[in-house]
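Let me begin by presenting the structure, written as structure tokens, before commenting on it.
Throughout, a chain's letter reflects where its sequence line sits, starting with A, and its residues are numbered from 1.
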Amino acid sequence: MPEGHTLFALARDLHEAFAGTRPVVTSPQGRFEAGAGEVSGRELLHATSRGKHLFLEFDGERWVHVHLGLIGTFTVDAREWTAEAAAVGAVRMRMATDEHVAELRGPNLCAVVTPEEVTAVLDRLGPDPLRPDADPDRAWARISRSGRSIGELLMDQAVLAGVGNVYRSEVLFRHRLSPFTEGRAVRRASWRLVWDDLVRLLPLGVATGRIVSVEEQVLEVEAALGRGERPRLTERTSAVYKHAGEPCPRCGSRIRTQVVAGRNLFWCGRCQRRR
DNA sequence: AGGTGATGGTCAC
DNA sequence: TGACCCTCACCTG
């Protein structure tokens with residue numbers, strides 16, 4: 001489900017399946033009919049992501065800009081599975097070659113845009129921890145000047161791109177940071193630890209398709225990937241997210257929840273005390 | 001069968 | 001701050 005790691009993996013899968021091909025693009029649901037007609041039969045040059053945004057670059061300076069929102073899904077399958085996959089839901093965009101088919105359902109946004117519009121979107125996004133060239137100081141410049149809480153700032157895609165509601169709660173827990181600390185009260189060293197942790201965690205999300213943030217599991221996944229094995233995840237993969245009322249895995253105090261920046265935030269009131 | 005919440009974001013007020 | 005978008009999995013009965 002869609003935080004930055006989902007979009008990164010999706011861009012990778014779409015690129016592998018379709019880059020260099022001329023897929024037939026349609027909109028069975030009808031709401032992307034004109035856009036589909038504009039790109040259908042053109043060569044797909046690149047599929048990339050930035051934060052939670054997905055971009056498909058087609059020949060002729062036509063880009064498809066997709067945002068899954070909360071409920072969108074985008075599947076990429078080998079051709080023979082398509083009939084089954086198409087049976088469920090309204091498909092906003094369908095992209096097909098002889099080899100592969102991709103189906104987009106329930107996105108917040110799916111539109112054909114110009115290169116200038118792509119640039120405009122990228123310009124208002126903060127650094128994405130999944131990109132090697134991302135600059136954490138750009139995020140720090142905003143955080144260190146802000147009177148908003150770090151719990152709000154982490155969700156602001158203009159501050160940094162790709163972190164969503166799960167990674168927000170989990171990364172704050174991992175660093176014992178109170179979600180309610182003002183940005184300007186966060187120490188630079190703390191921010192760098194958070195950033196470096198996201199740089200470590202998000203690729204594990206890409207590799208496993210799940211958000212793994214409990215340290216023992218993080219280590220297991222890293223070890224499995226290091227051995228070239230597929231990690232198996234059984235136990236709970238989040239420390240505090242969606243565990244309101246349960247004991248904190250670190251100190252046993254009750255995990256709390258509160259709506260911050262419009263979404264349910266989870267934290268331990270003892271481990272993550274405000275300084 | 002029907003209701004609800006969900007890893008998101010935008011826009012109106 | 002709240003309504004809305006829109007699909008699906010999971011719950012209740």
Please set out all donor-acceptor pairs under 3.5 angstrom arising from side-chain atoms of residues 169-177 of chain A, sequence neighbours excluded.
| residue | atom | partner | partner atom | Å |
| --- | --- | --- | --- | --- |
| S169(A) | OG | F266(A) | N | 3.0 |
| S169(A) | OG | F266(A) | O | 3.4 |
| E170(A) | OE1 | S213(A) | OG | 2.5 |
| E170(A) | OE1 | A239(A) | N | 2.7 |
| E170(A) | OE2 | A239(A) | N | 3.1 |
| E170(A) | OE2 | V240(A) | N | 2.8 |
| E170(A) | OE2 | Y241(A) | N | 2.8 |
| R174(A) | NE | D197(A) | OD2 | 2.7 |
| R174(A) | NH1 | S213(A) | O | 2.8 |
| R174(A) | NH1 | E215(A) | OE1 | 3.0 |
| R174(A) | NH2 | D197(A) | OD1 | 3.1 |
| R174(A) | NH2 | E215(A) | OE1 | 2.9 |
| H175(A) | NE2 | D197(A) | OD2 | 2.8 |

Measuring from the side chain of K52(A) (C-beta onward, heavy atoms only), which nucleotide among dT7(C), dG9(B), dT10(B) has the closest atom? dG9(B)
In whole Å, what is the span from the [atom1] atom of [X] to the [atom2] atom of [N]?
X: F266(A); N: dG5(B); atom1: CZ; atom2: P; answer: 13 Å
X: L204(A); N: dT7(B); atom1: CG; atom2: P; answer: 21 Å
X: I71(A); N: dG8(B); atom1: CD1; atom2: P; answer: 12 Å
X: L54(A); N: dT7(B); atom1: CG; atom2: P; answer: 21 Å
X: Q29(A); N: dT7(C); atom1: CD; atom2: P; answer: 5 Å
X: L104(A); N: dT7(C); atom1: CG; atom2: C1'; answer: 11 Å
X: L109(A); N: dG8(B); atom1: CG; atom2: P; answer: 16 Å
X: R168(A); N: dG9(B); atom1: CZ; atom2: P; answer: 11 Å

Hey, could you give me each pair passing ring pair (Phe, Tyr, Trp, His ring centres under 6.0 Å) that has a residue in residues 118-139 of chain A? Not counting sequence neighbours. none
Quick one: side chain to side chain donor-acceptor pair (under 3.5 Å) partners of [X], sequence neighbours excluded?
X: R50(A); answer: none
X: Q258(A); answer: none
X: S149(A); answer: E152(A)
X: R274(A); answer: none

On the 0 to 90° scale, with breaks at 30° and 60°, tag the H67(A)-H53(A) ring pair as parallel, tilted or perpendicular. perpendicular
Looking at [N], I'd like to know if its phosphate oxygens (OP1 or OP2) sit under 4.0 Å from a side-chain N or O belonging to [X].
X: R124(A); N: dT10(B); result: yes
X: Y167(A); N: dT7(B); result: no
X: H67(A); N: dG8(B); result: no
X: R105(A); N: dC8(C); result: yes

Consecutive Watson-Crick or G-U pairs in runs of at least 3, all under 3.5 Å, in which DNA chain B is involved: B:1-6 with C:7-12, B:8-12 with C:1-5
Protein N or O to nucleotides 1-3 of chain C N or O, pairs below 3.5 Å:
none

I'd like to check the side-chain contact (heavy atoms from CB on, under 4.5 Å) partners of A47(A); sequence neighbours left out, ordered by chain and number. L14(A), H15(A), L56(A)
Using a heavy-atom cut-off of 4.0 Å across all strands, would you classify N108(A) as base, sugar-phosphate, or nothing? base
Pick base, sugar-phosphate or nothing for R92(A), based on heavy-atom distances below 4.0 Å to the nucleic acid. sugar-phosphate
For the residue pair V163(A) and Q157(A), what are the closest heavy atoms and their distance? O-NE2, 3.0 Å
Pair E3(A), T6(A): side-chain N/O donor-acceptor within cut-off below 3.5 Å: no
If we take the P atom in both dC13(B) and dC5(C), what is their distance in whole Å? 15 Å
